[in-house]
Every structure is written in C-alpha cells, then in structure tokens.
2 protein chains.
Amino acid sequence: MISHTEEDYLKALFRLVSGKQGKQEAGTNALADLLSLKPASVNNMLKKLRKKELIDYEKYGKISFTDKGRQIALLVVRKHRLWETFLVDKLGFSWDRVHDIAEQLEHIRSDELVEKLDWFLGHPEYDPHGDPIPRSDGSTPTTPSAVLSSMQKGDVCKVMMVKDTSAAFLQYLERLSIHVGTCVSVMDKVSFDNSLVIEVDGKHHTVSQKVADNLYVSYC
Amino acid sequence: MISHTEEDYLKALFRLVSGKQGKQEAGTNALADLLSLKPASVNNMLKKLRKKELIDYEKYGKISFTDKGRQIALLVVRKHRLWETFLVDKLGFSWDRVHDIAEQLEHIRSDELVEKLDWFLGHPEYDPHGDPIPRSDGSTPTTPSAVLSSMQKGDVCKVMMVKDTSAAFLQYLERLSIHVGTCVSVMDKVSFDNSLVIEVDGKHHTVSQKVADNLYVSYC
DNA sequence: AAGTATTGTTAGATATATCTAACTTTTATA
DNA sequence: TATAAAAGTTAGATATATCTAACAATACTT
C-alpha cells in the first residue's frame, strides 16, 4: 500500500525526471525544494521508497524510478489531470483554482473511479492547462513537446498544435500570423501574470498565459 | 485545522447521537466499535476533540457535540452524500459500490467544491440510499423518517414518498398496490441480500433492497 | 590539487494516531 | 448491598513522517 505522502514524493520525482532536459534522475535537495521539505526528511523517505522497490538509488547517488515506481507516479499524474479537467469542464472552476483541490483528489484510491471519470469526461487527452493526461496503460498522448506558456525567455519554438479551436481563438491567432508551423521566439516573460512577449515574423506581440496555454510547440 | 481522522470520529459520533432513538450522547466503546478501533485510542482522541471544543465530555461521562463539532460533522456527512450522489448519478456506479470511495472523497477540503458539486447535481435532497443530504446552512431536509430498507422484522410503517419516479418503478409499485399512504408490515428480512418480505393489504410480497431503498416510510 | 561550497546523510527530537496491558469507575445483578 | 460485569482510563510501546543540528561526501573553482 502506498501512502499519500509516498505518492507525493513519486509525483515530485516524476516532475524532476520528466523535465524538458530529459534528465532521468534527480537529487535529494531538488526533491526537498519541490516538496517544501527538508533534505533530511526526503532522505528518510528515499530509503523507504527504495525498500519498496519504487525507486533506484544509492547513498550519495542520483534517484530514478523503477518500473513499478514510474507506473504509480503516472497514475497519480493521470488522476490529478483528470480531476482538473472535471473541475474546469464540469464544475465550472477557473483553471487557476483547481490545482490545490486536484492535489487532494489525486490521492483517492479506486481504479474503477478513475476509469469512470475518464469516460465521463470523454477520454480527454489534455488537461485544462494543456498538459497531457497519461493513459491507463501508462502511455502518454504524443505531445508536440510543450505548451508555449512553459517556454522561457530566449526559447525559440514552433507551433505544432492549437488546443482551443474556437472561432474566436483561431481568428485571434490569424491576426498575429500564427499558424501551425509558425516559428515563435520568446523575447520576455512577465512573471506577474505569465504573459509572454513573443516575436513572430519579425513582429513583437504580447500574449496572455491563457493564449500561450493553448498553443502546443516544440523546440527548434 | 481538523484532520481526516478527527473528521472520522465526528462523523461516527454523529451516527451515534443522531440515531432513531434520539440519543444525544454516546460512549467510548460504542465509538470504538463503529470505527473499528480500541477504546484506548478513542479515549485519546476524545481528549483532543474536547480540547478543540468540538465535543463536550467529562471523564467517565457521555459524549455529545458542541455546536462547532456538530457543524463539522454535518459538513462531512453533506460531502459524503453529495459525492455518493455524484458517483451514482453522474459516473454510473451502482449504489452499493460508492460507500468506500465516498469515505475518501468526504475529506476533500474546499467549500467552493462542495457548493459547485451541489449545483452540478441539481441540489439533491437525498442521496442514492435515500438518506437526507444536510444543507450548507446546517439544516436537514425533512425526512419522512426512514427508507423501507432500514426497517426491521416486525416493524409497521407507512409509505410517505417514492424516490425513484421512473415509469417502470411506479408500475411495479402499482402491481403491489403500494401508494403513498399505504401501510406496510415487515414480516421478514433476508440478511443475504437484504430483501424484505412485506405484507400489504393482507398480501405477502418479497421486495429487493433496491425497491425498499426507494420507498420512504415513517413508523406507525 | 587544495580548499571551499554544495549536496547528501545521520542521529536524535517531536507530533499524530494507533496499539496492549493493567487499572479504575460505573452499572447491573444475584 | 456486595460483587461481578461492563465501560472507561492510563501508561507506555510502535509506526509514520516530519524537524534540527551535526557530520560526511562530492563537486566546483581557482
């Protein structure tokens, strides 16, 4: 049986080892930072997770998943993202309010619940933030790699997919000359509201996080 | 902040003090039985709940709620029953599978979630088992008193309300001559599947628990 | 390559929530 | 009413998950 706490560690590890840089390992301090805990606490838990064969790790070495551990982490992420989708699509929450609630809901234990929820939501592939929802078989929807909103200042990327396909949004993109295949450079990122200053075809535009959330991109 | 565990104790206390006999107090052993814990553990927790002013109780005395404690218990029950309603009405769970999942969901902390869920479900007054869902102001829908399925062998009661109003169910009741106001005597209760042998207008019928769940009755 | 900074580990303390075993009080009954 | 049964309490142990403070190993930097 995996405790809520253990699941939190596995999810955090997942965030670290699934980073854009393709790292397959992480360290004690990084985990502690992500979980807002002290390294000593993390170290304790690492021993426990290793004993349960959920992670590979040796003293002073780096941390990585076992297959079993990754499977559990993927399920937690799946549940988190399905619940976020539920909160936004069905209950009418705004996308910025759902995280804390989904953090709680992701620990509800019931395979049947997860599958029924998935069905109820229409088997969504991406959550309201544009993150891919891992499937029950452990696979992940092929993602063009990232959403524009996850890019950092200086990144250059290509638009691969538009999430919101409403007429209003597509018309807006048209005005900025953004299409699938368009190259976008991130000139600046405003930390206050996560809006981005981008360059497209030599012209600068400011786009909101909401807009950037709806644009899937890959590095180029 | 109230822990999940504390909520479990308050909910169990609620079940004891809101029993049909109208008791307003309960004992250590009764709580321990209900929670499948040892009396010593309960005693420990009682001290804590008293210190938090959630219950009234003195050494060797009986246990009862403070207003604050009752309010929390009611909220937990409200959440439990709303989630059960969600699981059955929206996700298509059968009524007998939802309890364990609702036991987990009832601890999710978010006032906004509860109110949005209530709205999403259409402000239901009764859960799939026919139990009244406490309202956010702490009031409880007036209940005809009980569902037929909660009656015991020898009880005599009057049908006050039909929960499932589908044509199929109403036609079924018609065949048994059961209407609102009909007097029903419970001749026997089959523990295997909780079906009831009832007498209506001098005739004996066997009704399933599902049927009995859908008939609200009051003692006569 | 030496010294320093970063990273990671250990030991021991704390808080929660449980248990067992022994004990005390209250209640029921002979 | 004396005694036995039931109900309730206490003390001390265990497990989980956290912390602080001190220590050890690795990595960076000059």
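This structure is a prediction, so every number in the text was calculated from the model and none was measured. Worth knowing before you read on, the calculation uses all heavy atoms, side chains too, and leaves out hydrogens, waters and symmetry mates. The chains referred to below are lettered A, B, ... by the order of the sequence lines, with proteins before strands, and numbering in each begins at 1.
Between B/Glu58 and A/Met45, the one whose closest nucleotide on DNA chain D sits nearer the 5' end is B/Glu58.
The distance from atom CG of B/Asp33 to atom P of D/dG8 is 10 Å, rounded to the nearest whole Å. As a whole-Å value, the separation of B/Lys62 NZ from C/dT25 P is 17 Å. Atom pair A/Leu46:CG and D/dT18:C1' shows a separation of 14 Å (rounding to whole Å applied). The separation between A/Leu31 atom CG and C/dG8 atom C1' is 12 Å, rounded to whole Å. Distance A/Lys52 NZ to D/dT16 C1': 10 Å, rounded to the nearest Å. One can place NZ of B/Lys51 at 8 Å from P of C/dT16, the figure rounded to the nearest angstrom.
Residues passing the ring-ring contact (aromatic ring centres under 6.0 Å, His included) test with A/His205: none are found, sequence neighbours excluded. Here A/Lys116 pairs with A/Glu112 under the side-chain hydrogen bond (donor to acceptor under 3.5 Å, both in side chains) rule; sequence neighbours left out. Partners of B/Phe86 by ring-ring contact (aromatic ring centres under 6.0 Å, His included), not counting sequence neighbours, listed by chain and number: A/Phe86, B/Trp83.
Taking both residues in full, the closest heavy atoms of B/Ser64 and B/Leu13 are given as C-CD2, 4.4 Å, listed atom of the first, atom of the second, then distance.
OP1 and OP2 of C/dT6 both lie 4.0 Å or more from every side-chain N or O belonging to A/Asn29. Taking only side-chain nitrogens and oxygens, A/Asn43 comes nearer than 4.0 Å to OP1 or OP2 of C/dT9.
Between the side chain of B/Lys189 and the backbone N or O of B/Met151 there is at least one donor-acceptor pair closer than 3.5 Å.
A donor-acceptor pair shorter than 3.5 Å cannot be found between the side chains of B/Thr28 and B/Asn43.
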Next on the checklist: Please evaluate residues A/Glu6 and A/Lys52 with respect to the criterion salt bridge (charged side-chain N to carboxylate O under 4.0 Å, His left out), reporting the C-alpha separation (whole Å), side-chain torsions for both, the decisive distance (0.1 Å), and the verdict.
Outcome noted: CA-CA 10 Å; A/Glu6 289 164 344; A/Lys52 289 194 173 186; 3.0 Å; yes
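For the contact set between residues 1-12 of chain A and DNA chain C, defined by any heavy atom under 4.0 Å, there are no members.
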Item to check | Contact letters for nucleotides 19-29 of chain D, in which S counts primed atoms plus P, OP1 and OP2 and B counts the base, heavy atoms under 4.0 Å | outcome: BBB---SS---
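Applying the salt bridge (charged side-chain N to carboxylate O under 4.0 Å, His left out) test to every pair with at least one member in residues 74-83 of chain A, sequence neighbours left out, gives these pairs: A/Arg78-A/Glu115, A/Arg78-A/Asp118, A/Arg81-A/Asp127.
Within the cation-pi definition used here (under 6.0 Å to the ring centroid, within 45° of the axis), B/Lys62 does not qualify as a partner of B/Tyr57.
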